[in-house]
Amino acid sequence: HGARLPVSRNARPPEVAVDRGRSGGCFDGWGRGAVENRHLEPPAGAASLRARRSDLTPKGDAPLRIRTCYELHTGKLTKPVSFGVVSDLHDEPYEDLWPLLEDCDALLVPGDVVNRYTQTFDRGVGFLRDAARRMPTFFSLGNHETKMQSFRTLMQALESTGAEILVNRYVPFGECWIGGWYDPEIVQKPDCMDEFEKLPGCRVLLCHKPEHHLKYLRSRDVDLAVAG
């Protein structure tokens with residue numbers, strides 16, 4: 001059995017690594033299993049994420065949300081688990097995301113819910129708080145979080161949301177272990193990967209930067225890597 005992962009993002013052509021500026025994830029085992037797209041037009045005032053895939057025709061400048069589902073079979077689970085993945089909100093409105101996440105068992109958020117350029121995080125923190133009230137929510141840091149001037153204040157706010165804040169640490173979730181990794185030199189937290197990759201069960205790792213996964217973590221024994 002495996003994990004079914006609805007990924008909400010503004011569409012661009014699929015890549016092995018998803019870059020900044022969109023909500024989504026990249027996965028080991030990319031492209032395996034069924035893929036499902038669901039398109040929603042968010043209400044007025046929603047985040048200005050735009051569909052840019054050639055197979056979509058937005059009406060004027062109306063942004064579209066796309067939910068893409070990937071099925072990954074690990075052979076480690078006795079029953080399927082459905083993870084939702086949302087990243088790179090950048091402190092934008094998020095209310096239109098909830099219909100896309102209704103059937104998820106848990107939510108994975110691999111970073112960048114804040115905006116380093118405006119130095120704001122109220123909406124991003126609000127998103128994690130609202131998400132944690134709806135389902136188990138797991139968050140790891142992105143580069144926008146690490147470049148906030150009020151980093152300590154931000155971390156206190158994140159810790160108060162009810163979401164699991166995974167800064168080079170991991171927690172159990174059913175038959176899975178969910179960990180969050182960021183460059184230890186930047187976050188000043190010891191690397192957890194030696195312990196993480198030895199854990200029994202299905203190992204799911206949140207790592208915001210795809211290039212970090214490719215450079216530092218690709219050889220590590222994890223079942224699923226989710227990037228921003």
Side-chain angles (χ1 to χ4, degrees), residues 3-8 23-27 72 74 76-77 81-91 94 97-98 100-114 121-146 148 151-184 186-209 212-213 217 220 222-228:
R4 183 173 175 82
L5 297 107
V7 182
S8 178
S23 299
C26 68
F27 314 100
L72 177 68
T74 67
K76 295 182 176 181
L77 303 177
V81 177
S82 177
F83 291 115
V85 178
V86 177
S87 77
D88 294 75
L89 281 177
H90 297 146
D91 210 43
Y94 55 83
L97 285 171
W98 302 130
L100 298 175
L101 301 170
E102 288 178 350
D103 58 350
C104 296
D105 298 315
L107 178 63
L108 310 179
V109 185
D112 277 10
V113 297
V114 310
F121 57 76
D122 287 347
R123 284 198 186 112
V125 169
F127 168 72
L128 291 179
R129 181 178 295 110
D130 290 348
R133 291 170 179 164
R134 295 168 180 261
M135 71 192 81
T137 299
F138 304 87
F139 172 79
S140 67
L141 294 178
N143 58 294
H144 276 247
E145 281 81 26
T146 63
M148 294 294 288
F151 181 74
R152 291 184 179 179
T153 301
L154 169 63
M155 289 303 298
Q156 290 174 353
L158 292 172
E159 294 286 355
S160 72
T161 61
E164 285 284 358
I165 309 302
L166 304 175
V167 184
N168 290 358
R169 58 183 289 263
Y170 48 84
V171 294
F173 177 71
E175 297 176 288
C176 301
W177 288 91
I178 301 178
W181 187 93
Y182 204 89
D183 188 338
I186 294 177
V187 297
Q188 297 296 301
K189 296 284 187 180
D191 197 322
C192 65
M193 289 306 300
D194 287 344
E195 297 83 10
F196 182 73
E197 66 178 352
K198 296 176 183 177
L199 294 169
C202 182
R203 295 178 291 275
V204 179
L205 182 68
L206 309 186
C207 172
H208 177 72
K209 288 191 172 184
H212 279 179
H213 178 263
L217 305 174
R220 293 290 192 167
V222 299
D223 299 288
L224 174 67
V226 182

Just to verify, what does [X] make a side chain to side chain donor-acceptor pair (under 3.5 Å) with, not counting sequence neighbours?
| X | value |
| --- | --- |
| R169 | E164 |
| D194 | R220 |
| D191 | W181 |
| E175 | T78 |

Give, for atom [atom1] of [X] and atom [atom2] of [Y], the distance between the pair rounded to the nearest 0.5 Å.
| X | Y | atom1 | atom2 | value |
| --- | --- | --- | --- | --- |
| N143 | M148 | CG | CE | 12.0 Å |
| H144 | L89 | NE2 | CG | 11.5 Å |
| K209 | I186 | NZ | CD1 | 6.0 Å |
| L205 | E197 | CG | CD | 10.5 Å |
| I178 | R203 | CD1 | CZ | 13.5 Å |

Handout entry: Backbone of V204 reached by a side-chain donor or acceptor of D223 within 3.5 Å
Key = no
Practice task
Mark yes or no for whether D112, through its side chain, and H90, through its backbone, hold a donor-acceptor pair below 3.5 Å.
Solution key: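 Side chain of D112 to backbone of H90, a donor-acceptor pair under 3.5 Å: no, none is there.
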Completion exercise
Contacts satisfying salt bridge (Lys or Arg N to Asp or Glu O under 4.0 Å) that involve residues 154-163 (not counting sequence neighbours) are none
Exercise for the section: List the atom of P110, the atom of V86, and the distance in Å for their closest heavy-atom pair. Expected result: CD-O, 3.5 Å
Problem - For C176, side-chain contact (heavy atoms from CB on, under 4.5 Å) partners two or more places apart - result: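 In terms of side-chain contact (heavy atoms from CB on, under 4.5 Å), with neighbours along the sequence ignored, C176 is linked to L77, F83, C202.
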Practice task
Apply side-chain contact (heavy atoms from CB on, under 4.5 Å) to S160 and list each qualifying residue two or more places apart in sequence or on a separate chain.
Solution key: R129
Handout entry: Flag side-chain contact, heavy atom, 4.5 Å: F139 against L108
Key = no
Exercise for the section: May I ask you to check whether H212 and Y182 place their ring centres under 6.0 Å from each other? Expected result: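 Y182 vs H212: aromatic centres under 6.0 Å.
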Practice task
Identify, with sequence neighbours excluded, every residue that meets ring pair (Phe, Tyr, Trp, His ring centres under 6.0 Å) alongside F138.
Solution key: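 Expected list: F173.
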Practice task
Using the test ring pair (Phe, Tyr, Trp, His ring centres under 6.0 Å), find all partners of Y170 that sit at least two apart in sequence or belong to another chain.
Solution key: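 For Y170 the ring pair (Phe, Tyr, Trp, His ring centres under 6.0 Å) partners, ignoring immediate neighbours, are W177, F196.
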Handout entry: Candidate pair M155 and I165, rule side-chain contact (heavy atoms from CB on, under 4.5 Å), full reasoning
Key = CA-CA 9 Å; M155 289 303 298; I165 309 302; 4.1 Å; yes
Exercise for the section: May I ask you to check whether D130 and Y94 show a side-chain donor-acceptor distance below 3.5 Å? Expected result: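 Result is yes, a qualifying pair exists.
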Exercise for the section: Check step by step if side-chain contact (heavy atoms from CB on, under 4.5 Å) holds for V85 and L107. Expected result: CA-CA 6 Å; V85 178; L107 178 63; 5.9 Å; no
Handout entry: Pairing residues for D183 by the salt bridge (Lys or Arg N to Asp or Glu O under 4.0 Å) criterion, not counting sequence neighbours
Key = none
